[in-house]
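These notes are about the structure you will find just below.
If you're wondering where the values come from, they're calculated on a predicted model, not measured in any experiment. Just so you know, residue 1 is the first one in the sequence shown, and it goes up from there. The basis for the numbers below is simple: all heavy atoms, side chains too, and nothing from hydrogens, waters or symmetry mates.
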Amino acid sequence: ARRMGLNIPLVYNCSGYESFEMIRLWDGIVDIYLPDMKYDDQEKSERYSGARDYPEINRRIVMEMHRQVGTLCVDKDGIAVRGLLIRHLVLPGGVSGTDRVLEFISDSISRDTAVSLMGQYFPAHRAVSMPPLHRPLTVREYGLSKRLLKKHGLTHGWVQQK
């Protein structure tokens, strides 16, 4: 499509739990990576998502994405054209390990990394019987997460109003 004139940024929106080989295949094709960083802890990722190796794989994948496209760049109209934008859903009770996730982004990727700190979690399906995921995120919990962005020097990206 690009050889035929397609001239828009290609966005790959994903869980951040893809195979490394697949992400390498996208090198030079994807313009904007939009991965999740869900957990920092093996036990929690096993318990809540059935993927004990999520933190290890996720970090490796996100670092490769950054190697390919760098930090998020926007045009004069504020439209993203290339780069990495990491989504992090803050979960109740500290399940998502926000402090350590943001520390990893800041220390191992770049303080210039764009982060979308999401606070819209609500319990559904099996989560309603899995404390602390059985309840919505509190304003206090999300406020702490916003302060952690500053603590780790992450100033690019978005936060939600709660």
Requested in this report: Consider only side-chain N and O atoms of T98 and H88, and report whether a donor and an acceptor are under 3.5 Å apart.
Outcome: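 Note: T98 and H88 side chains meet the donor-acceptor criterion.
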
Query raised in the report: Side-chain donor-acceptor pair under 3.5 Å between S49 and E46, yes or no?
Result: no

Following the transitive rule for hydrophobic clusters with a side-chain heavy-atom cut-off under 4.5 Å over Ile, Leu, Val, Met, Phe, Trp and Tyr, establish whether [X] and [Y] coincide in one cluster.
X	Y	value
I57	M63	yes
V69	V11	no
L25	V30	no
L117	L148	yes
L89	M130	yes

Please answer whether the main-chain N or O of [Y] pairs with a side-chain N or O of [X] as donor and acceptor at a distance below 3.5 Å.
X	Y	answer
E141	T138	yes
S108	I105	no
S106	L102	no
D31	V81	no
D75	I79	yes

Query - Stepwise side-chain contact (heavy atoms from CB on, under 4.5 Å) check, L133 with Y48 - result: CA-CA 9 Å; L133 298 184; Y48 299 114; 3.2 Å; yes

Decide yes or no for [X] and [Y]: does some side-chain heavy atom of the first lie under 4.5 Å from some side-chain heavy atom of the second?
X	Y	answer
I86	S116	no
P55	D41	no
S110	H66	yes
V95	Y39	yes
M118	V90	no
Y54	D40	no
E18	Y12	yes
P123	P136	yes

Between [X] and [Y], which heavy-atom pair has the shortest distance, and what is it?
X	Y	answer
S45	A51	OG-O, 2.9 Å
K146	Q160	NZ-O, 4.2 Å
F104	M37	CD2-CE, 3.6 Å
S96	L91	OG-N, 3.2 Å
I23	E64	CG2-CG, 3.8 Å
G16	P35	CA-CB, 4.1 Å

To the nearest 0.5 Å, how far apart are [atom1] in [X] and [atom2] in [Y]?
X	Y	atom1	atom2	value
L137	S145	CG	OG	6.5 Å
L84	T71	CG	OG1	8.5 Å
R147	Y142	CZ	OH	12.0 Å
R135	F122	CZ	CZ	15.5 Å
N58	E56	CG	CD	11.0 Å

Query raised in the report: How far apart are the C-alpha atoms of R87 and C14, what are their side-chain angles, what is the distance that settles it, and do they pass the side-chain contact (heavy atoms from CB on, under 4.5 Å) test?
Result: CA-CA 10 Å; R87 294 178 313 213; C14 62; 5.9 Å; no

Query raised in the report: Is it true that E103 and K151 have a side-chain N and a carboxylate O under 4.0 angstrom from each other?
Result: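 Looking at K151 together with E103, the answer is no, because their closest N to O distance does not fall below 4.0 Å.
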
Query raised in the report: More than 12 heavy atoms of other residues, nucleotides or ligands under 6.0 Å from CG of D77: is that the case?
Result: yes

Query - Crowding at CZ, R60 (>12 non-hydrogen neighbours, <6.0 Å) - result: no

Query raised in the report: Under the side-chain contact (heavy atoms from CB on, under 4.5 Å) criterion, do K38 and V101 qualify, and how do the steps go?
Result: CA-CA 8 Å; K38 296 179 184 187; V101 168; over 6 Å; no

Quick one: side chains of residues 152-159, donor-acceptor pairs under 3.5 Å with protein atoms, not counting sequence neighbours, listed by atom name and distance.
unit_1, atom_1, unit_2, atom_2, d
H152, NE2, D99, O, 3.3
H152, NE2, D99, OD1, 2.6
H156, NE2, D112, OD1, 3.4

Query raised in the report: Would N13 and Y33 count as a side-chain hydrogen bond (donor to acceptor under 3.5 Å, both in side chains) if you check the C-alpha gap in whole Å, the side-chain angles of each, and the deciding distance to 0.1 Å?
Result: CA-CA 6 Å; N13 179 346; Y33 281 109; over 6 Å; no

Report summary line: E21 meets the side-chain hydrogen bond (donor to acceptor under 3.5 Å, both in side chains) criterion, sequence neighbours left out, with none

